[in-house]
Amino acid sequence: MSQTNDQLFERAKKVIPGGVNSPVRAFGSVGGRPYFADRAEGPYLWDVEGKRYIDFVQSYGPGIGGHAHPKIIEAVREAALAGTTYGAPTEREILIAEQIVDRVPGVEMVRLTSSGTEAAMSAVRLARGATGRDKVLKFAGHYHGHSDALLAAGGSGVANQGLSGCDGVTAGAVGDTIVAPWNVMPEITDDIAVVCVEALPANMGLVPPTEGFLQDLRAACDKAGVMLLFDEVITGFRLARGGATEFFGVQPDVWCFGKVIGGGLPVGAFAASAEIMGHLAPLGGVYQAGTLSGNPLATAAGLATLELLDAGAYEQLTATATRLADGMAEAFDSAGLTAIVPRVGSLVGIFFTDTQPTNFDEAQASAENGVYPKLFHELLDRGVAWAPGAYEVLFPSLAHTDDIIDQTIEAVGQAAAAVVATQ
Ligand SMILES: *Cc1c(COP(=O)(O)O)cnc(C)c1O
């Protein structure tokens, strides 16, 4: 062993703020210090001390095929040998756009970016440019990346930091952002350009829309001539072949994608009808660009990932998630630990409360009641890695076999009993 987790964390903290390049990784909200990844394969991740974890983080979503899937690795290797970036268009950019158009009902054109943050930021600029309106409405607890205007009341890492807002974001930058509580129909006025929504919110734990909410939101947007944006950075190509759009049967005007379509490389995308996308440079006046946008390695990894995701894959993912959620709920119950394990498609959440939260305030009350950090560490000790933050969800992959799920459930039962023993 070259260096231990402790030694690496001490070294990292000297040259990287908090020792990490994305705040949640620092373990701030669960305590302790992070494990440093050495390698990963399928459902497993090994840290630098050789300890193996069944990994449900999967890089917060991209790992839908499991870590280091041979087909994705081969696609990236082959692409790299032909050059890592050109600054000229490539055929694979067309192929991935064609795939997205084919899969997601309503999408006609796609622009690739290098992150979900860029995708959401650019999609909002596009909506403002296309409508000539300024205001943006978002829901509390929904995360749309870390661009200034969308950071207000973001879930996920923002919530973990205990920040209501964010230093360095000016009043001007969020002056046109309206934040509304989730699952309550907001007033949709005709000065709003776009309503941003995680159609299935998965950054404040898993808090599904109430029955008919997305349909009502669609109707209210239509009435006021407001664009509806589905941020499908997590749900895209995961919840169903056509993402949340297909799953819920509601079509937005603008979409954001990321995570899964990058196959583990830095990618985002935004999409809309040809008419709306026509406002984008070089066709229209809304500027948007990127040195590495449509990167050859990222498109190769993305295409290889989408190739894994046929109808059978979604059936498998849903069955895996169902086995996990049901088994966990049973394990918590047996251990006498109050918990709710929501599941939608292949996404699984966890709340240590007796009722399913329906909005950010309720999710927050559950996330901050102190149970999650205890269970997190009991599980980590038993070789199961959940995200180091109570606002994240579990990402079972195609590599999580029934056997792996059953081992996980057993560990959850033991961990829950250990937590109960300390209560
Ligand atoms: C992860 C995420 C983003 C941001 O994507 P990055 O690639 O981290 O910039 C945006 N929206 C949602 C819903 C996300 O989960």
Side-chain angles (χ1 to χ4, degrees), residues 20-25 56-64 104 111-125 127 136 138-161 166 177 182 194-209 214 228-239 243-245 247-248 252 254-271 288 290 292-295 298 301-302 305 344-349 360 363 387-395:
V20 293
N21 281 309
S22 200
V24 71
R25 298 179 197 164
F56 286 94
V57 184
Q58 294 289 337
S59 194
Y60 299 88
I64 198 163
V104 184
R111 171 68 56 87
L112 295 176
T113 64
S114 296
S115 69
T117 294
E118 278 177 81
M121 179 185 79
S122 306
V124 165
R125 184 183 304 144
V136 172
K138 76 174 288 287
F139 293 95
H142 292 219
Y143 182 61
H144 304 297
H146 60 89
S147 70
D148 285 3
L150 297 175
L151 207 46
S156 195
V158 199
N160 274 326
Q161 295 295 299
C166 169
T177 306
W182 177 231
V194 62
V195 170
C196 303
V197 54
E198 275 187 78
L200 175 63
N203 282 292
M204 51 169 158
L206 199 63
V207 184
L214 293 174
L228 179 62
L229 182 156
F230 276 7
D231 181 342
E232 294 223 41
V233 171
I234 284 183
T235 55
F237 319 102
R238 171 177 295 277
L239 214 47
T245 307
F247 191 88
F248 291 111
V254 190
W255 289 259
C256 302
F257 303 108
K259 296 187 172 125
V260 165
I261 44 154
L265 275 90
V267 166
F270 60 105
Q288 190 278 335
L292 294 177
S293 294
N295 176 262
T305 302
V344 181
S346 66
L347 287 169
V348 175
F360 187 44
Y391 292 101
E392 313 297 339
V393 295
L394 276 64
F395 294 99

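Start at 1 and go down the list; that is how both ligands and their atoms are numbered. Atom set for the values below is all heavy atoms of this structure, side chains included, hydrogens, waters and symmetry mates excluded.
- The side-chain heavy atoms of H144 and E198, taken from C-beta on, include a pair separated by under 4.5 Å.
- Contact atoms of ligand 1 toward N203: 12 (C), 13 (C), 14 (C), 15 (O) (distance under 4.0 Å to a heavy atom of the residue).
- Relative ring orientation between W182 and F139 is described as perpendicular, the plane-to-plane angle rising above 60° on a 0-90° scale split at 30° and 60°.
- Of all protein heavy atoms, the one lying nearest to atom 5 (O) of ligand 1 is G116 CA, 3.2 Å.
- Side-chain contact between L347 and F395 is present, with heavy atoms from C-beta onward closer than 4.5 Å.
- For H144, no nitrogen or oxygen atom sits less than 3.5 Å from a nitrogen or oxygen atom of ligand 1, counting backbone and side chain alike.
- In terms of protein heavy-atom proximity, atom 11 (N) of ligand 1 is nearest to D231 OD2, 2.7 Å.
- The S115 neighbourhood of ligand 1 comprises atoms 7 (O), 9 (O), with distances under 4.0 Å to a heavy atom of that residue.
- For atom 1 (C) of ligand 1, the nearest non-hydrogen atom from the set E392, H142, K259 belongs to K259.
- No hydrogens or angles considered: a donor-acceptor pair under 3.5 Å links the side chains of R111 and Q288.
- Considering only non-hydrogen protein atoms, atom 12 (C) of ligand 1 sits nearest to Y143 O, 3.3 Å.
- Note: L206 CG to Y391 OH = 15.0 Å, rounded to the nearest 0.5 Å.
- Protein heavy atom at the shortest distance from atom 4 (C) of ligand 1 is T117 N, 3.6 Å.
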- Message: I'd like to know whether F237 forms a side chain to side chain contact (heavy atoms under 4.5 Å, CB included) with I64, so could you lay out the CA-CA distance, the side-chain angles of the two residues, the decisive distance to 0.1 Å, and finally the verdict.
- Response: CA-CA 9 Å; F237 319 102; I64 198 163; over 6 Å; no
